[in-house]
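Read through the structure below, which is laid out as structure tokens, and then see the notes.
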Amino acid sequence: MAFFNKFGSLVRQSISQNGQVPMASMLNSIRCMSSSKLFIGGLAWSTDDQSLKDAFSGFGEVTEARVITDRDTGRSRGFGFVSYESTESASEALSAMDGQELGGRNIRVSYATDKRQPQPYNSNYGRNPDY
């Protein structure tokens, strides 16, 4: 039911902004809402994988909790990801944890989106190739 309420509010918001519902935006919203992976931003530098998992395990079965670290220094980059077994658990965790304090900092929680693939270098990018 929460899914349909969220979906309805997104459609109403899109219609009120420009009078029509952009299909790509609507499909992206549906995809994100059906995700069981969350992005966690604003983490304290001391937060590690286990403490992140412990903080989010009260909402359901956490399949993975990972704090992203710098490749060169090994230090936290201040964000991470938590994956749940079910989309319902992820939705509940998002609602409950967004804006809450963890490790002395207020965290931001949202649905994770797929990493965009880097575009290949093209010297004619943005130019007409006929020139």
Side-chain angles (χ1 to χ4, degrees):
M1 186 56 127
F3 171 80
F4 292 112
N5 289 337
K6 182 73 172 172
F7 179 71
S9 68
L10 287 170
V11 170
R12 282 191 298 278
Q13 182 181 17
S14 294
I15 291 172
S16 69
Q17 287 177 355
N18 59 8
Q20 58 186 353
V21 179
M23 186 58 74
S25 175
M26 188 166 48
L27 292 175
N28 190 38
S29 297
I30 292 169
R31 183 184 54 77
C32 286
M33 287 187 295
S34 65
S35 175
S36 60
K37 187 173 186 178
L38 300 176
F39 168 82
I40 319 298
L43 292 174
W45 304 123
S46 61
T47 304
D48 61 4
D49 293 349
Q50 188 59 48
S51 61
L52 185 62
K53 183 175 184 174
D54 292 344
F56 281 83
S57 63
F59 302 100
E61 182 67 31
V62 174
T63 58
E64 181 185 25
R66 196 167 132 218
V67 174
I68 305 304
T69 56
D70 184 83
R71 186 178 12 219
D72 298 327
T73 65
R75 293 185 61 204
S76 169
R77 294 187 60 199
F79 68 94
F81 297 93
V82 175
S83 296
Y84 284 93
E85 218 169 71
S86 71
T87 58
E88 293 82 13
S89 296
S91 177
E92 185 180 336
L94 186 147
S95 298
M97 293 296 286
D98 188 33
Q100 297 300 310
E101 185 178 320
L102 179 63
R105 298 197 53 188
N106 290 340
I107 58 172
R108 296 176 314 279
V109 182
S110 61
Y111 288 106
T113 57
D114 294 333
K115 184 177 180 181
R116 291 192 298 172
Q117 296 297 321
Q119 297 296 321
Y121 177 75
N122 182 352
S123 61
N124 288 329
Y125 183 74
R127 296 187 186 130
N128 186 341
D130 294 333
Y131 288 157

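Quick caveat, the model's predicted, so the values are computed rather than measured.
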* Asked: Hey, mind stepping through Gln100 and Asn106 against side chain to side chain contact (heavy atoms under 4.5 Å, CB included) and telling me if it holds?
  -> CA-CA 5 Å; Gln100 297 300 310; Asn106 290 340; over 6 Å; no

For [X] and [Y], which heavy atoms make the closest approach, and how far apart are they?
{"X": "Leu94", "Y": "Val109", "result": "CA-CG1, 3.8 Å"}
{"X": "Gly60", "Y": "Ser89", "result": "CA-OG, 3.6 Å"}
{"X": "Ala44", "Y": "Arg105", "result": "CA-CD, 3.8 Å"}
{"X": "Ser35", "Y": "Ala90", "result": "O-CB, 3.8 Å"}

* Asked: Are Arg108 and Asp98 close enough that some pair of their side-chain heavy atoms sits under 4.5 Å apart?
  -> yes

Atom [atom1] of [X] and atom [atom2] of [Y]: how far apart are they, to the nearest 0.5 Å?
{"X": "Thr69", "Y": "Phe79", "atom1": "OG1", "atom2": "CZ", "result": "9.5 Å"}
{"X": "Leu43", "Y": "Arg77", "atom1": "CG", "atom2": "CZ", "result": "12.5 Å"}
{"X": "Leu38", "Y": "Ser110", "atom1": "CG", "atom2": "OG", "result": "7.5 Å"}
{"X": "Trp45", "Y": "Arg75", "atom1": "CH2", "atom2": "CZ", "result": "6.5 Å"}

* Asked: Please walk me through it: do Phe81 and Glu64 pass side chain to side chain contact (heavy atoms under 4.5 Å, CB included)?
  -> CA-CA 8 Å; Phe81 297 93; Glu64 181 185 25; over 6 Å; no

* To do: Kindly indicate whether a cation-pi arrangement holds for Lys37 with Tyr84, taking the cut-offs as under 6.0 Å to the six-membered ring centre and within 45° of the axis.
  => no

* Asked: With no hydrogens and no angle check, is any side-chain donor or acceptor of Ser95 less than 3.5 Å from a backbone partner on Ser91?
  -> yes

* Would you check if the side chain of Thr87 reaches a backbone N or O of Ser36 as a donor-acceptor pair within less than 3.5 Å? => no

* Do you see a donor-acceptor pair shorter than 3.5 Å between the side chains of Ser51 and Asp54? -> no

* Asked: Can Thr73 and Asp70 be counted as having a side-chain donor-acceptor contact under 3.5 angstrom?
  -> yes

* Asked: With ring centroids as reference points, do Phe39 and Tyr111 lie under 6.0 angstrom apart?
  -> no

* Check the hydrophobic clustering (I, L, V, M, F, W, Y; side-chain heavy atoms under 4.5 Å; chains of links allowed) and say if Val67 and Leu102 are grouped together. => yes

